[in-house]
Structures are given as structure tokens and as C-alpha cells.
Protein chains: 2
Amino acid sequence: MTAPRSTRSLRSRRAEHTADTRRALVRAARTLFAERGYAATGTEDIVAAAQVTRGALYHHFKDKADLFRAVMGECAQDMAERLVEQETARAESETGDAWTLLRHGFQSFLDACNDPDFQRIVLVEGPAVLGHSAWDALVEQHGYVLLAEELTRAIDEGSISPMPVAPLTRMLAALISEASLYIARAEDHETARKEAGEVLERLLTGLSRQDPSRTGA
Amino acid sequence: MTAPRSTRSLRSRRAEHTADTRRALVRAARTLFAERGYAATGTEDIVAAAQVTRGALYHHFKDKADLFRAVMGECAQDMAERLVEQETARAESETGDAWTLLRHGFQSFLDACNDPDFQRIVLVEGPAVLGHSAWDALVEQHGYVLLAEELTRAIDEGSISPMPVAPLTRMLAALISEASLYIARAEDHETARKEAGEVLERLLTGLSRQDPSRTGA
DNA sequence: TCTTCTAACATACAGTCTGTATGGAACAGG
DNA sequence: CCTGTTCCATACAGACTGTATGTTAGAAGA
């Protein structure tokens, strides 16, 4: 993996170049997959955008689906980093009980999902292209772990009632994903965001242990 | 549409035959799409299973995606009919307050979604193959209307708190869809069903107006 | 430095698939 | 009986994917 031992700079030059072409392929594919979809994007389009030839593509990736897997992994990674970043920022700045923090966390999770690349590649094309097992493995790795441990902690802290974390994780992720798609596809994003947030808020109160009834407007 | 006017029986014979081939195509495509997926199913495979040639396929359908649309429409139709059937049966047999009926309705909705054809074709492949606008149109037509009016009625009756029905419909549908996928993909379907049902139950209590706290176990 | 070997591509090719165009057969209508 | 249309089969053209082959540049050893 990180095994370049001898002739540091020279090898680095070469390795850097190959890494560049690989990145160029992933970047080009990501753009095209996001705007045209997987099936409608030819490998020729991708390599043209990356300014290489198809030979480079099939040297770095097993096949087209393998390239897609790399692209989706990158999208999921970006999303995960964004979420972690948001969460740490919120944990520092905001004050309040655990339950409120959790609710706010879900709301900003919803905002983070409002990303065209993520929606199209991860949520829409991903399951169909990779199949559920490969898709689930990727999402498990990048996204579910964060959400799952967050939920486990919330249960341990008593913010939400004890319940099976595995289905809860999937179902909440699906809930927020669908909400983000609803917002993105709506004509009026503003009101759609507000309405979806309201529904999300209501549904989340069902998880609450102490059931804080109506908290705010 | 229903315009056969003259020479009833003869025309009927011919029309019946053409309708047969069309049905054969849809049935074959449905089976193959469900088990292999859209991209992995060639038109040759479909017409072979239907015992016709590709000419018949492209006579009845504009292209492969058009055939898929018909298949998905049939799946959605079946699901809708099953739901209506279940609901009427439940409305007659079961007794209880509106809130309990609604909750039981969602649970049997969850069971109804446990169908391989429906899951693969409508939930997984549909969005990627048809695109969100065409997919949404189909689901709107067959499924959302039922759920939406059910929810509207529940709000009017006071079973659940007032909230925007459009996002609520989508989000609940996504919730239950994901739950059904989770159950289907689990090794132990029994416990997965129980756990998902429990989580669903909890989330739904957030919608309740009078907030019946802990109702059951 | 010279040789050699291999990674990193480019190019050419074969197979497959989709959609269309053409042809024909059966049936309805005048 | 004749004509037109529906319904479908066959043949063909284009596109696309994956692979096999060729080529070059850099790394490694002597």
C-alpha cells in the first residue's frame, strides 16, 4: 500500500502521475454519472473528459461498474466527512440537552443530503448499478457506522427509547434521503424544506423516551 | 381505448390474441427484470421467454424502457390492489379507534411490500431506469394517492397531528419501503420483521395527536 | 551506463445489444 | 375481390463494452 521505499522523489513522480490519471477518471465519471446517469454515460465520454483513452480506464478499473464503485465511494466519503465536520462544530457551539442536539443533528443531516451528486449517484443509481450487497457494503462502511453509533449513544444516554439499532439506522437514513429528494425535486425548495423538516421533527419525537410533547412551533 | 364496435366476436378473437402477446411480453419481462435486473436482461431473453420475436416487442412498446414502464405499472397496480383489499378487510373485521386502525394499516402495508418483484422493480430499478419524473408519475398514480388520502382522512379525523401531507406521504412510503428491504435482506426474517415493526411503531407514535405514550409492549 | 523488466498506458478488434427498416401474412372493410 | 391496415418476423446498422495486443517510459540490477 504505502510501500515506496527507494528512490523517493523519482518514484513519487511516477506514482503521482498515475494517481493523477486515476483521479481524473473518477472526477470525470462522477460529473457525468451525476448529470446523465450511469447507463447513459459511455466509457468514451468519460475518458474524453479525463483526457485519456479507454486503455487507461481499463488499466485502473476492472470494468465500468468498478469505476462507478470508486465514484460512489468518493461521494459517500465526502458526505461522511461533511457530517462529521458539522457534528463536531455543532457539539462545540450549540448547547442543550442530548435530545435537542440529536434532533438538530438530523436536521443538518437532511441539509447535507441536499447534494445532486450524492442523491443521483448514491441514492438513485447506486442500488441499481451495484446491487444491494455491494451498495450496502459501501454505505455500511462510510455512512451507517456513524449514524449507528450516534444512535447507540443516544439510546445509552437515554435520549431515545431502547430499540434495535440496525433497522433504526436504515430506516432513518431512508427517511432523510427521501426527504432530501423531495426537497430537491420540489418547485419551491424553501417551503419543501420547511415542510419536510416539520414532518421529520414529528416522526423523531416518536423515538424520544421522555416524550417532550410539543417542543416548539 | 374501449372502442371495438363492429364484428364483435371476430374482432375480439384478433384483439384477444394481440393482447395475449402483449401480456406475455410483460409477464416474461417482469420475471426476468425481477431476478436479473433491467440492464442484465436482454430483449432477446425476454422475447424468448414470451415465445415471440423482437419484432413483437418493438411493435407493442416504444423501446425497452417503455416495456419496463409497463412492467412497473403492473407491479404497482398489484400492490395497490392488495393494499385496498387488505384495508377493506381490516376495516370490516377489526374494531378500535382510528389511531389503532391506522397503525395496523401501516404494519400490513409493511408486510405487503415484502414482495421480490415489487422491491426490485419498483423500489430499486425503477428510479434508475425511468428517472425520477416518470417514476414519480407512476407511483403517484398507483400508490401515493391511496396513502395520501388515508393520511388526509387521519388528519381530518384528528388521529394524527396536522402536517403537510405531500412530504409525509413520500417519507412514510420510503420508511416502509426501506423497512421491507431490510427485512427481505436479513438472514433472520422473523426477528427482522419484529424489529422493523417495532421501530416503525415508535416512529409512528410521533405523528399521533393525543400521543398515546406507550401503548403496547 | 547499459540492459532488462515492468507498470502505465494507447490502439485495434471482437462480441453483444439496441433500435430501425423492410417484408410478409392475416384480417377487416368496401 | 381488392385494398389497406394491423401485427409480427427478419435483416441490418450503429453503439458500446471488454479484451488482446502493441508501445513507451521509468525503475532496477550489473
Side-chain angles (χ1 to χ4, degrees), chain A residues 1-26 28-29 32-33 36-71 125 128-130, chain B residues 1-26 28-29 32-33 36-71 125 128-130:
Chain A
M1 303 303 179
T2 62
R5 204 63 56 94
S6 60
T7 60
R8 191 78 165 122
S9 64
L10 289 182
R11 196 217 160 280
S12 175
R13 286 298 171 87
R14 181 161 172 81
E16 191 178 339
H17 180 247
T18 72
D20 274 347
T21 64
R22 190 193 154 94
R23 268 193 299 271
L25 282 168
V26 172
L32 291 171
F33 286 159
R36 302 183 203 171
Y38 177 79
T41 303
T43 54
E44 201 68 51
D45 304 336
I46 299 173
V47 298
Q51 291 180 332
V52 293
T53 64
R54 285 166 27 85
L57 195 160
Y58 283 93
H59 176 74
H60 284 279
F61 302 95
K62 177 178 165 292
D63 53 14
K64 194 183 166 189
D66 190 36
L67 172 59
F68 180 86
R69 181 181 296 121
V71 170
E125 305 268 352
V129 174
L130 297 181
Chain B
M1 302 300 180
T2 62
R5 204 62 58 94
S6 61
T7 61
R8 191 75 165 127
S9 63
L10 289 183
R11 194 217 160 279
S12 175
R13 286 297 172 86
R14 181 161 172 82
E16 191 177 340
H17 180 246
T18 73
D20 275 346
T21 63
R22 190 193 155 94
R23 267 193 300 270
L25 283 167
V26 173
L32 292 171
F33 285 159
R36 302 184 203 172
Y38 177 79
T41 302
T43 53
E44 201 68 52
D45 304 335
I46 299 172
V47 299
Q51 290 181 330
V52 293
T53 63
R54 287 168 23 86
L57 194 160
Y58 283 93
H59 176 74
H60 284 280
F61 302 96
K62 177 177 165 292
D63 54 14
K64 194 183 166 189
D66 190 36
L67 172 58
F68 180 87
R69 181 180 296 121
V71 170
E125 305 268 352
V129 174
L130 297 181

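Numbered from 1 within each chain, the chains take letters A, B, ... in sequence-line order.
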Picking from [options], which would you name as closest to the side chain of [X]?
X     : options               : value
A:A56 : C:dA10, C:dG19, D:dA9 : C:dA10
A:Y58 : D:dT19, C:dA8, D:dA9  : D:dT19
B:R54 : D:dA11, D:dG18, D:dC7 : D:dA11
A:H59 : C:dC9, C:dG19, D:dT17 : C:dC9
B:T53 : D:dG18, D:dC8, C:dG19 : D:dC8

Integer-rounded Å distance: [N] [atom2] and [X] [atom1]:
X     : N      : atom1 : atom2 : result
A:D66 : D:dG18 : CG    : C1'   : 13 Å
A:F68 : D:dG18 : CZ    : C1'   : 19 Å
A:L57 : C:dA10 : CG    : C1'   : 13 Å
B:Y38 : C:dC17 : OH    : P     : 14 Å
A:R22 : C:dA8  : CZ    : P     : 11 Å
B:R36 : C:dC17 : CZ    : P     : 11 Å
A:D63 : D:dT19 : CG    : P     : 8 Å
A:E44 : D:dG14 : CD    : P     : 17 Å

When rounded to the nearest 0.5 angstrom, what distance separates [atom1] in [X] from [atom2] in [Y]?
X      : Y      : atom1 : atom2 : answer
B:L130 : B:E125 : CG    : CD    : 10.0 Å
A:D20  : A:L25  : CG    : CG    : 11.0 Å
A:R23  : A:T18  : CZ    : OG1   : 8.5 Å

Do any side-chain nitrogens or oxygens of [X] fall under 4.0 Å of OP1 or OP2 in [N]?
X     : N     : value
A:T18 : C:dC9 : no
B:H60 : D:dC8 : yes
A:T21 : C:dA8 : no

In the structure I gave you, are the side-chain heavy atoms of A:R54 and A:Y58 within less than 4.5 Å of one another anywhere?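 Touching, per the 4.5 Å side-chain cut-off.
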Would you call the rings of B:Y38 and B:F68 parallel, tilted or perpendicular if under 30° counts as parallel and over 60° as perpendicular?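 Rings of B:Y38 and B:F68: perpendicular, over 60°.
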